[in-house]
Amino acid sequence: MLKLKIKILALLVCCAIGLQAQTNTYRYKRELKGINTTWHSITLPNEVFKNAQSGLADLRIYGFKGKDTVEVPYILEQSADQMTDKETSFNIINQSNNANGYFYTFQASAAATINQIKLSFKQTNFDWKVKLEGSNDNKEWFTVLENYRILAIKNNNTDYQFTQLNFPVAKYSYFRLAIKANEQPQLSAAKILKTDTLKGISKNITYQSYQLFNDAKNKQSTIDVTLANPTPLSYLKINTQGDFDFYRALKIEYVTDSFKTDKGIQYNYAPLFEGTISSLEVPEFNFTGTLVSRLKVTIENNDNKPLHLTSITLKGPVYELVGRFDDASLSYALYYGNKEATTPSYELKNFEHKIPMSVVALAIGAEQNNPAFTTAKTKAPLFENKLWLWCLMGVIIALLGFFAYKMLRS
């Protein structure tokens with residue numbers, strides 16, 4: 001009976017050691033609750049990004065029960081917006097002008113459903129008003145857009161164009177563009193499109209502090225934004241007030257690291273977005289989801305008065321793991337916090353089409369220190385190990401004694 005108990009105890013110890021061997025390189029864990037089927041999703045809380053690798057390569061899901069330990073394969077998904085463009089072929093069947101402006105008539109190969117026309121002109125400086133109409137018989141016309149402004153400006157300080165017509169979805173066989181201009185527009189290209197946006201799930205991000213500086217000497221306005229925790233960011237909107245038109249160069253950067261100087265803490269920045277903020281477009285900017293803790297927005301005012309900026313809006317993508325839980329009876333946890341881990345390679349990525357469209361979300365627990373975590377210790381050189389030195393001396397003495405004995409015998 002005693003021998004049986006010893007064997008069971010030894011087996012349990014081996015199982016515990018086996019589990020630790022898989023999880024002992026991960027500093028943190030979060031328990032997962034609610035596993036009752038094969039497929040589940042896990043929405044990552046913002047706090048995970050603080051202690052996980054920036055690319056989330058160290059995320060692992062382990063399940064265990066007794067001697068059984070399994071690693072759960074998963075797919076990491078980012079709920080970003082997905083945009084599709086479908087271009088419609090057309091012919092320009094008429095170009096004319098009169099006292100009211102210059103006219104271009106487009107005939108689609110079939111009745112086309114569109115919501116965007118992209119125009120290109122040879123001129124680099126203009127400010128025109130346009131009207132867009134649609135017709136199915138080239139006789140009776142219906143207004144799609146009216147008094148819509150397009151412009152281009154290029155000089156030493158600015159290189160900006162806004163020549164894209166955006167409007168509600170319209171379906172016609174003919175479209176007529178009227179441009180009110182003092183000169184002949186030199187239309188070099190036009191694209192007629194139907195754009196669709198499949199909205200991803202995004203979350204609002206609150207910032208810890210927001211500071212605006214108007215630098216008269218450098219003719220710039222800068223916005224410094226500090227987030228409470230490192231958070232994935234993919235959207236920024238600048239809310240303004242004013243009754244005048246503007247178009248100014250804009251740059252969005254995020255802090256990569258910091259260093260101390262005599263003047264205090266300084267920051268190194270990497271670019272997130274470069275473009276233009278304009279009164280003609282909604283001042284919102286989308287970019288690839290990036291882990292951010294601090295932001296800087298720079299607006300080039302040149303010789304113009306600074307914009308009246310009231311606030312900013314931040315949004316970020318929702319990161320979600322979709323995993324296959326083959327045994328619902330196991331206890332599962334999410335592990336992370338391993339700087340040396342590499343991105344796992346699961347076969348699951350080749351069979352995404354087999355994942356159900358709707359999966360049950362799991363409850364994820366609070367962050368805990370992983371009790372199995374061990375810090376890797378650097379081994380001391382052999383010759384600094386006293387036991388090794390004593391063993392080596394013993395071997396040398398034995399060899400010397402052996403050879404001395406052989407010499408005496410001979």
Notebook entry, point to check: Is the closest basic N to carboxylate O distance between D245 and R149 below 4.0 Å?
Noted result: yes
Checklist line | Which residues share a side-chain hydrogen bond (donor to acceptor under 3.5 Å, both in side chains) with E133, sequence neighbours left out | finding: R176
Check: If we ignore angles and hydrogens, is there a donor and acceptor under 3.5 Å between the side chains of N166 and Q164?
Finding: yes
Item checked: Non-neighbouring partners of N304 that pass side-chain hydrogen bond (donor to acceptor under 3.5 Å, both in side chains), sequence neighbours left out -> none
Next item on the list: Answer with yes or no after comparing the ring centroid distance for Y332 and F325 against a 6.0 Å cut-off, counting only values under it.
Entry: yes
Item checked: Aromatic centroids of Y254 and Y269 separated by under 6.0 Å -> no
Next item on the list: Kindly state whether the ring of F49 and the ring of Y319 have centres lying under 6.0 angstrom apart.
Entry: yes
Checklist line | Over 12 foreign heavy atoms within 6.0 Å of NZ, K191 | finding: no
Notebook entry, point to check: So, T222 versus T298: side-chain donor-acceptor pair below 3.5 Å or not?
Noted result: no
Next item on the list: Enumerate the residue pairs fulfilling salt bridge (charged side-chain N to carboxylate O under 4.0 Å, His left out) with a member in residues 323-347, sequence neighbours excluded, ordered by first and then second residue.
Entry: R324-D326
Margin query: Is it the case that the side chains of Y28 and Q368 hold a donor-acceptor pair, with the cut-off being a distance below 3.5 Å and no angle test?
Written below: no
Next item on the list: Count the heavy atoms belonging to other residues, nucleotides or ligands that lie under 6.0 Å from CG of N182, then report whether that count exceeds 12.
Entry: no
Next item on the list: For E47, check side-chain hydrogen bond (donor to acceptor under 3.5 Å, both in side chains) against everything at least two apart and list the hits.
Entry: none
Checklist line | side-chain hydrogen bond (donor to acceptor under 3.5 Å, both in side chains) partners of K65, counting only residues at least two apart | finding: S329
Item checked: Donor-acceptor side-chain pairing of T195 and D85 below 3.5 angstrom -> no
Checklist line | Residue pairs, two or more places apart or on separate chains, that pass salt bridge (charged side-chain N to carboxylate O under 4.0 Å, His left out) and touch residues 205-234 | finding: K219-D303
